[in-house]
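Notes to accompany the following structure.
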Amino acid sequence: MNAIWSETMHPGGKWSGIIGKGKMIRLTAVEPGANVSMLMYHARDLTERYNMPDTLKAQHTAHLTKGNVLMSDNGRAMASIVHDDLGWHDPLGGYTTRAGTDSKYGASRYQESRNDWLRSGQENLAVELVRNGLGDRDMAPVVNWFSKVFCDEEGNMLFAGNHCAAGTTVTLRLEMDVLLILSNTPHPLDPQEVYPSVPIKIEVLPAVQIDSADYCVNFRPENRRAFDNTWTYYALQD
Amino acid sequence: MLKAFHRVESPRNPEAAVYDKVIPAGEGWMYELQPGQVLRIVDLEGNQAADTLFYDADHPEDHYSAVRTFNAQSNIYLTTGSTLLAESGKELAAIVADTCGRHDTLGGSCSSQSNTVRYAHEKGHMHNCRDTFMLELAKHPEGHRYAKRDLSPNINFFMNVPVTPEGGLTFEDGVSGPGCYVELQSKCHSMVLISNCPQLNNPCNAYNPTPVQVLIWNE
């Protein structure tokens, strides 16, 4: 399938844009050890956004993979994971901060390092939030694509090393018109002492028609009801 | 590392509290705490959920961040010793006593819309926590400074939502009991927003939502 558009996000890079419903976005880790933090908002009503607790509770899961749907705070299916090489993406670990990045990898500023300075997730996301008319108050839990964090029985969060190989892809189908915000910055719980530098390929692909046997729609009864809510929303407008 | 269940009793005497109020099931409470004040939430009849949010009252756009909070302690459960962080990283409050021993901050609050997804489309009319949050914002004199976009993932005091090592999410009842309480010391002017959960669709409260009590001490 030919991409409508593609771009490579540099390590430390960021991207935001509106993508229409029915299109797909494919992320590819060009090298091993990638992490991409993602926020998602409804393009026509930015107060509606991906909601981590609603998504996880409805699907009885603490990780994301093929079949899972990213649900909004208004009970709608915003995007579906239609392909996944990995089996586990992290919705819990959050984003890196400037203080955390400096303390882990050493202080870094543009003044000395030019474009090799080490960007933080918080600053990347803040820039793109403001660019799109939002701000710090709209910051919310991110999805960390390509990362795995699991919990032991006492609730301790453990980062799985060597989780993401080179060439790994994950593909989302957008069920609503969304504003996507991406930051190619390390996972905050990644214990590596060197700032991971993994380019990420972003591709936007044409729509695939949803049929009655669709894997994500039928993944759980909750998912079908979230799709119903999305289809009702558009039926009232189209 | 936090223990799985970490029970710590409070030395504070309820008779010395400067504020004492019962929040019936399905009702809300919005209140500004002064720096150093201690808030106790009491699960009067057991296994009730107190859905709670904190804000920096001097900067209402800075809300409680569940993810920053559990990331900072590398543990997803809250108990004595947990510090509640805002999205900016600012310390909003610290848990200073807890006779329940574990609280959830992953599961969020119920809403009309999420109830249609989790249970059935026909459940949309039922009373829910996010409606309570929004009614409190509508009623409270300072509520106009907050909006739906500020309703971030909250704390569910007295709830246990374990994550399995395989990445599953489960709901387990019975960690709290009649009279169990949690105490938080405010680190700033913090706005507290509580929805005493009216959930009738899952068995966490034996389908019988009950009151909670809030007490405040000047420290």
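Sequence lines set the chain letters: A, B, ... in the order given, protein chains first and strands last, and positions in each chain run from 1.
Using a 4.5 Å cut-off between heavy atoms, B/His121 contacts chain A through both its backbone and its side chain. Neither the backbone nor the side chain of B/Pro162 has a heavy atom closer than 4.5 Å to any heavy atom of chain A. Interface remark: A/Thr97 contributes side-chain atoms only to the contact with chain B (heavy atom separation under 4.5 Å). Only the side chain of A/Gln122 comes within less than 4.5 Å of a heavy atom in chain B; its backbone stays farther off. Interface residue A/Arg49: only side-chain heavy atoms are found under 4.5 Å from chain B. Neither the backbone nor the side chain of B/Thr170 has a heavy atom closer than 4.5 Å to any heavy atom of chain A. Contact of A/Asn51 with chain B is made through the side chain alone, with heavy-atom distances under 4.5 Å. If you measure heavy-atom distances from B/Ala120 to chain A, the contacts under 4.5 Å come from the backbone alone.
No more than 12 heavy atoms of other residues, nucleotides or ligands lie within 6.0 Å of CD in B/Glu9, so this atom counts as exposed by the packing criterion. For A/Asp211, the CG atom is densely surrounded, since the number of other residues' heavy atoms within 6.0 Å is greater than 12.
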Check the pair A/Asn156 / B/Asn75 against side-chain contact (heavy atoms from CB on, under 4.5 Å), numbers first and verdict last.
CA-CA 4 Å; A/Asn156 298 304; B/Asn75 188 293; 3.0 Å; yes
The test is side-chain contact (heavy atoms from CB on, under 4.5 Å); show your working for A/Asp73 and B/Gln113 and say whether it passes.
CA-CA 7 Å; A/Asp73 64 296; B/Gln113 293 77 17; over 6 Å; no
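Side-chain contact between B/Arg68 and A/Met139 is absent, with no heavy-atom pair separated by less than 4.5 Å. Side-chain contact between B/Asn71 and A/Leu189: present, with at least one pair of heavy atoms (C-beta onward) separated by less than 4.5 Å. Contact annotation: the side chain of A/Met52 approaches that of B/Leu106 to within less than 4.5 Å [non-hydrogen atoms, C-beta and beyond]. Using a 4.5 Å heavy-atom cutoff, the side chains of A/Glu154 and B/Tyr77 are not in contact. Taking 4.5 Å as the limit, every side-chain heavy atom of A/Arg225 sits out of range of all side-chain heavy atoms of B/Thr116. Residues B/Ile76 and A/Met157 are in side-chain contact: their nearest non-hydrogen atoms beyond the backbone lie under 4.5 Å apart.
The existence of a salt bridge linking A/Asp54 and B/Arg130 is confirmed by a sub-4.0 Å separation between a basic side-chain nitrogen and an acidic carboxylate oxygen.
Looking only at heavy-atom pairs under 4.5 Å with chain A, the residue among B/Glu166, B/Glu61, B/Lys148 that has the most is B/Lys148. No other option in B/Gly124, B/Ser109, B/Ser152, B/Gly107 has as many heavy-atom pairs under 4.5 Å with chain A as B/Gly107.
The CZ atom of B/Arg149 sits 8.5 Å away from atom OG1 of A/Thr47, with the distance rounded to the nearest 0.5 Å. Within the model, atoms CG of A/Asp136 and CD of B/Glu87 stand 8.0 Å from one another, a figure rounded to the nearest 0.5 Å. Once rounded to the nearest 0.5 Å, the distance linking CG of B/Leu169 with CG of A/Leu92 reads 9.0 Å. Atom CE of residue A/Met71 and atom OG of residue B/Ser114 lie 10.0 Å apart, to the nearest 0.5 angstrom.
In this structure, A/Ala62 and B/Val163 approach most closely via the heavy-atom pair CB-CG1, 3.6 Å. What you find for A/Glu153 and B/Arg102 is that their closest heavy atoms are O-NH2, 3.6 Å.
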